[in-house]
Amino acid sequence: LVMQALSVLNQRDREIIAAVTAMAHALGMTVTAEGVETIAQRDELTEIGCDAAQGYLFARPLTPNELAAMWGPQTIPTGTQQRTHVRPGT
């Protein structure tokens with residue numbers, strides 16, 4: 001799901017997100033909300049049942065190397081391929 005930059009969800013947005021989330025869960029899918037920028041959005045999406053969220057609230061966009069430096073050696077998906085990024089010096 002993609003969030004607009006709203007401080008809180010209006011009722012129509014909430015109903016649409018709840019319906020899409022319920023449909024995805026009924027199909028055995030996991031729901032990730034994108035573009036989450038505020039704690040209020042995160043809280044409402046959690047209440048609705050979104051499984052995960054990403055957006056500026058959690059972190060600004062990072063390059064694969066910046067991500068590897070932050071989290072250590074990881075296999076980071078890039079497009080359809082995967083590359084293993086390792087911290088310099090490890």
Heavy-atom donor-acceptor pair, Glu66 side chain to Thr63 backbone, under 3.5 Å: yes
Min side-chain heavy-atom separation Arg14-Glu47 under 4.5 Å: yes
Minimum side-chain heavy-atom gap Leu57-Ile39 below 4.5 Å: yes
Glu15 and Gln11 side chains, donor-acceptor separation under 3.5 Å: yes
Student check: side-chain heavy atoms of Asp51 and His25 closer than 4.5 Å: yes
Minimum heavy-atom distance between Cys50 and Thr21, given as atom pair plus value: SG-OG1, 3.9 Å
ILVMFWY cluster, Met29 and Val31 together (side-chain gap under 4.5 Å): no
Single-linkage hydrophobic cluster Phe58~Ile48, side-chain heavy atoms < 4.5 angstrom: yes
